[in-house]
Amino acid sequence: MDIFKESLVSFIKTAIKEKKNIDITNEESEKLIKNPPDVSFGDYSLAAYYMAGYGFKGKPEEIAEEIFNIFMPNLARIEDLFDKIEIKGAYVNFFVNKARFASFVVRDVSGSGGDYGKGSPEKPLRVIIDFSSPNIAKPFGVGHLRSTVIGMSLSNIYKFCGHNVIKINYLGDFGTQFGKLITAFCRYDDIDFDEFEVNPVKSLYNLYVRIHKEAEEDPSIDDVARDNFKELEEGLVRGNAGGLEDRLGSIDGGQTESVMGTALDMGVMDNKGKQLRITKELKSRFCDSGPDGKISLWKFFRNLSKKEFEGIYEKIDIKFDYYEGEAESAVFSNDIKEILLKSGIAEESEGAVIINIKGGKTPALIAKSDGTSLYFSRDIVTAIFRMAKYNFDKMIYVVGSEQSLHFNQLCGVFDIIKENLNKISEKDNTRFKRYASLISGRLVHVKFGRIIGMSTRKGNLVFLEDYIKEASLKAKEKLLLDNKITEADKDGTSLKVGIGAVIFNDLKTRRTTDVNFNWDNVLSFEGQTGPYLQYTVSRINSLVSKLGVVDSEGGAASDTADFLFSKNDDDFNDIFLITKQISGFRDAVGSAMELNEPSVLSSYALELASLFNRYYQNYRLIGNDSDYIKPRLLMLSAVRTVLTRILNLLCVPVLERM
RNA sequence: GCGUUCAUAGCUCAGUUGGAUAGAGCAACAGCCUUCUAAGCUGUGGGUCGCAGGUUCGAAUCCUGCUGGACGCACCA
C-alpha cells in the first residue's frame, strides 16, 4: 500500500471512532476505499452505500455530505498528500497530489531494487503445485501446455509472494493403458526401434492407436491387455515388500526418494546407468519373461518418454523440483482399499470397491473388480505420501476442468476420512491416520478450460513443437522483413518471440473459459499479445541505454528533491497515469495469487504497456536537458522493472532487443 | 436424465468480487515514420451484457425458470 492510501485508511479509522464511536480495523477501513472507474472521479473514493454500515444514516447524498464535512475541517492533516476532495452524487472523491504521487511511486520502485512488489508474509505457506503431468504415451499437446504454463506461472507467483513452492510433475505412467502398450509392443513384429529412440512418445501413441483399433474388432485383446496390466502391477507390488505403513515410516525416517528406482528390472540400464537401446533380442527377452519383463518394458517406455518431455521443458524454460509417477502409488493402492473397507468408509459393489461421497450422486471407484488400482486410488495414496514428505499447507492440482468430478471426489474422500477417523483402527494405521486427516481442506483443483478448434490444416492434433515452430517462423519472417536480424538468428530472437506468443496466448484469458483457438490470432503479434509486451520492454531498453549516455554528459539532477515531476510539465498527466498503474502492481500479484489466476497479471501488464507506448509516442526525451531526463529515466526503468517481472512470472522470455 | 460450467461489439476477450458513463485488442474505415524500434500511436463506426422474471437504494455480476453450447456421470486417465 502506498502512503496516500495508508493515510486515508488511518484517517477513516479515526474519523469513524471520533464521530460514530465505532472501532474498526485497518483492513475494514481499507475495504471502504474504492478505486473509481475513471480518473475524472479522482484516485480514491468513499461510497455512501458502504458507509451506511458504520453509523452513517440517511440518503446516500446526505451521507456523502456528512463524510465530506468530516474531511474538510481536517484537510490540513492530509493536504500534503491530496490536492482535492469533492462530492459527486453518493461519492466522496479524493484526488492525490499527482506530482508527489508520481515521484513517490518512481522512488518506491527504484528503492526496492529488483524486488518491487515482492511479498513477505509472516507465515509463509508450503505450497505444492502439481502441474503439466503429461501421459507418457500421449503426445505433449496444447492441453498440457496450458497446465504447464498456468502451473509454472502460479509457482512463480506464489514464490514471489513469499511462499515456499514445491513443483511436481506427476507423470501419467501407469494404468490399464500400459497393459495395452505392452500387449501391442510384444504383438507386432514390425516395430521401428530407431524411431522409438527418436520419437518415443509418438511411437507409443501410434502403438496405442493401432492396438485400440484392432481391439474393436477383437475384444479378446482387451482381456490380454488387462491381464498384462495386472501382471505388471502385481509384479511391482511383490518387488516392494512392506505395506503403506512401512513406507510412511521410511518417509518419516528420511527415505523420501522413490522406491521405483530400486524396483526390479532386467537390463534396461547398462553398467554405467545409461538406458540400453532396444533390439529384437531385448524385445523378446522383455516379452517372454513374465512380470519382470513387463516391468522392464514399462520402465523402458517411461525413461524414454521422460527424456523427451525434459527436452520440451528445457526449450520453454520450465523446471520441476520433482518428477513423480503414478506407479509408486499404485503399489500401495491395495492398502488404502483395505483400510477404507475395514472401517466401513468404502463398500463393495458389483465386485469393485466404491465410496459414496456426500453431496455427490456418483460414487468414487477405488478399486476394480480384478483388484488392480485406479487413477482415483493412486491419487489418494499420492496425496498422503506428499503430506508425509512435504507437510504442505496447500496442494494445487492444475488440471483441466473436465476432471472436476474426480477432484471433488478426492477432496471429499479426505473429508470423510477425517470425519470417520475413529472408525479406522489405530493398530497398523497410525501414520496413515495422522497424514490423511491433515489433508482435508488443503487440496485445490485449479481447473482450466479446453482449447477448442485447434488442429493442423489436415485436421490432426497439433504438437507443441510444431506449434512453437510455426510461431517462430512467423516471427522470423517479420524480423527479416524489417531487416532486424540475419538469416542465422544467432540470438534465437525469433524462437523467443514465438514462445512468448504461444505462452502468453494461453495465459491472457481467464483460466476457466474455453479458448477458441485461432491461428491468425496467435500469429498476429499485435495488440494484446506476448510479443507486444516483449517489444515494449525492448523499446525501453533501447531508450534507456541512449538516455544513459545523454544523462552522464548532462550532470546531476535533483535526486533528493521532494518532487521529481512538476504539474507544469507537458507530459505530466501521462506520467501520472503510468505511475498510477505501476502502483497497482502489488494488488495485481496479490489477486493473481488469491484467485490462482495468472491472467490478472496479463491484463495488468497489457494496460501498463499500452500506457507506456502512448507516452513513448507522444513525448520525446532525447534532446532535453538532464533535469528533465533524469526523473523520466527513473520512470522508464520502473515500467521496465514491472513489465520484466511480469514476463518472468508468466514464463514469457524477455528480449534485450527485437 | 443428473451434475458442473459458460453465454458481454462482426471475431477473441476484460469488467476491481453488488456500485458512478459496460471497456480493450483484432477486423473495417481515416490518419501518423528526414526525429528515442511503426511488433507502435491517434481517430471513427460498432452493445436490448442469451431470454424472462425476482432479490434492493442499485444487477453484466446474486436467485429462479427457459434457450443454446462445452464438459463430466463405475471398473480409462
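Lettering follows sequence order; numbering is per chain, from 1. In this text the structure is predicted, and so the values were computed from the model without any measurement. Just so it is clear, the values below take in all heavy atoms, side chains as well, and ignore hydrogens, waters and symmetry mates.
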Fill in: Selected nucleotide, minimal atom distance to A/R450 side chain, candidates B/A39, B/G19, B/A70
B/A70
Discussion item. Checking contacts here: which listed nucleotide (B/A20, B/A38, B/U42) is nearest the side-chain heavy atoms of A/R614?
Written reply: B/U42
Worksheet item: For atom P, what is the distance between B/A27 and B/U34, given to the nearest Å?
Response: 24 Å
Response to the item:
When rounded to the nearest 0.5 Å, the distance separating NZ of A/K484 from CG of A/L479 is 6.5 Å
Practice prompt. On RNA chain B, check which nucleotide each of A/A367 and A/P60 is closest to and give me the residue with the more 5' one.
Written response: A/P60
Practice prompt. Measure distances between side-chain N and O atoms of A/S610 and base N and O atoms of B/A24, and say whether any donor-acceptor pair falls under 3.5 Å.
Written response: no
Discussion item. Looking only at side-chain N and O atoms, does A/N541 offer a donor or acceptor that is under 3.5 Å from a partner on A/R657?
Written reply: no
Response to the item:
Stems for RNA chain B (at least 3 consecutive Watson-Crick or G-U pairs, under 3.5 Å) come to B:1-7 with B:67-73, B:10-13 with B:23-26, B:28-32 with B:40-44, B:50-54 with B:62-66
Discussion item. Using atom P in both nucleotides, what's the gap between B/A60 and B/G54 to the nearest angstrom?
Written reply: 15 Å
Practice prompt. Please state how far atom CG in A/L611 lies from atom C1' in B/C41, giving the value in whole angstrom units.
Written response: 13 Å
Worksheet item: What form does the base of B/U44 take, syn (within 90° of 0) or anti?
Response: anti
Practice prompt. Name the closest nucleotide to the A/S349 side chain, picking from B/C36, B/A74, B/C41.
Written response: B/A74
Discussion item. Check the phosphate of B/A20 against A/K88, side-chain N and O only, distance under 4.0 Å to OP1 or OP2. Yes or no?
Written reply: no
Discussion item. Distance check, C1' atoms only: B/C76 and B/G65, in whole angstrom units.
Written reply: 37 Å
Discussion item. Can you identify which nucleotide, out of B/C76, B/A39, B/C41, has its nearest atom closest to the A/N618 side chain?
Written reply: B/C41
Worksheet item: Where the side chain of A/F41 is defined as all heavy atoms beyond and including C-beta, which of B/U21, B/A39, B/G19 is the nearest nucleotide?
Response: B/U21
Worksheet entry | 5′-ward residue of the pair A/S401/A/E526 relative to RNA chain B | A/E526
Fill in: Whole-Å P distance, B/C51 and B/G68
15 Å
Worksheet item: Roughly how far apart are A/K496 NZ and A/D489 CG, rounded to 0.5 Å?
Response: 9.5 Å
Worksheet item: Do NZ/NE/NH1/NH2 and the carboxylate oxygens of A/R302 and A/D173 come within less than 4.0 Å?
Response: yes
Discussion item. Each nucleotide in nucleotides 10-18 of chain B should get exactly one letter: B, S or -. Can you fill that in based on protein heavy atoms under 4.0 Å?
Written reply: --SSSSBB-
Worksheet item: To the nearest Å, how far apart are A/Y208 OH and B/C76 P?
Response: 10 Å
Discussion item. Given B/U21, B/U37, B/A77, identify the nucleotide with an atom nearest to the side chain of A/S542.
Written reply: B/U37
Worksheet, complete the sentence: Side-chain atoms of A/L405 come closest, of B/A74, B/C73, B/A20, to B/C73
Fill in: Nearest-angstrom distance, C1' atom, B/A74 to B/A70
23 Å
Fill in: Cationic tip of A/K306 above A/Y323 ring, under 6.0 Å, 45° of axis
yes
Discussion item. For the base of B/G40 and the side-chain ring of A/Y616, does the geometry meet a stacking cutoff of under 5.5 Å between centres and under 30° between planes?
Written reply: no
Worksheet item: What's the base orientation of B/C13: syn (chi within 90° of 0) or anti?
Response: anti
Worksheet entry | Aromatic plane relationship, A/Y49 with A/Y91 - under 30° parallel, 30 to 60° tilted, over 60° perpendicular | perpendicular
Worksheet item: The side chain of A/E402 lies closest to which of these nucleotides: B/A77, B/C71, B/A39?
Response: B/C71
Item to complete: Would you indicate which nucleotide in B/U42, B/C76, B/C57 comes nearest to any side-chain atom of A/R226?
Response: B/C76
Discussion item. For a 4.5 angstrom cut-off between non-hydrogen side-chain atoms, does A/E324 reach A/D130?
Written reply: no
Item to complete: Using the C1' atom on both, measure B/U56 against B/C13 and round to a whole Å.
Response: 31 Å
Fill in: Result of checking A/K476, A/M658, A/K478 against A/V497 for side chain to side chain contact (heavy atoms under 4.5 Å, CB included)
A/M658
Fill in: The single option from A/D569, A/N624, A/D571, A/D574 passing side-chain hydrogen bond (donor to acceptor under 3.5 Å, both in side chains) against A/Y619
A/D574
Worksheet item: Any side-chain N or O of A/S404 under 4.0 Å from OP1/OP2 of B/U4?
Response: no
Item to complete: Indicate whether A/Y91 forms a stack on B/A20; treat it as stacked only if centroid distance is below 5.5 angstrom and interplanar angle below 30 degrees.
Response: yes
For residues 30-39 of chain A, please give each side-chain donor-acceptor pair under 3.5 Å, one per line with the distance, not counting sequence neighbours.
| residue | atom | partner | partner atom | Å |
| --- | --- | --- | --- | --- |
| A/D38 | OD1 | A/S40 | N | 2.9 |
| A/D38 | OD1 | A/S40 | OG | 2.7 |

Item to complete: Write down the distance separating the C1' atoms in B/A38 and B/G23, rounded off to the nearest Å.
Response: 25 Å
Worksheet item: Can A/Y535 be called stacked on B/G40 when the rule is centres closer than 5.5 Å and an angle between planes below 30°?
Response: no
Practice prompt. Using a 4.0 Å heavy-atom cut-off across all strands, classify A/G175 as base, sugar-phosphate, or nothing.
Written response: sugar-phosphate
Worksheet entry | Spacing of the C1' atoms in B/A7 and B/A52 (rounded, Å) | 16 Å
Worksheet item: Any luck finding a side-chain donor-acceptor pair between A/D379 and A/Y397 under 3.5 Å?
Response: no
Item to complete: Applying side-chain contact (heavy atoms from CB on, under 4.5 Å), run through A/V96 and A/Y44 and close with a yes or a no.
Response: CA-CA 8 Å; A/V96 296; A/Y44 303 107; 3.6 Å; yes
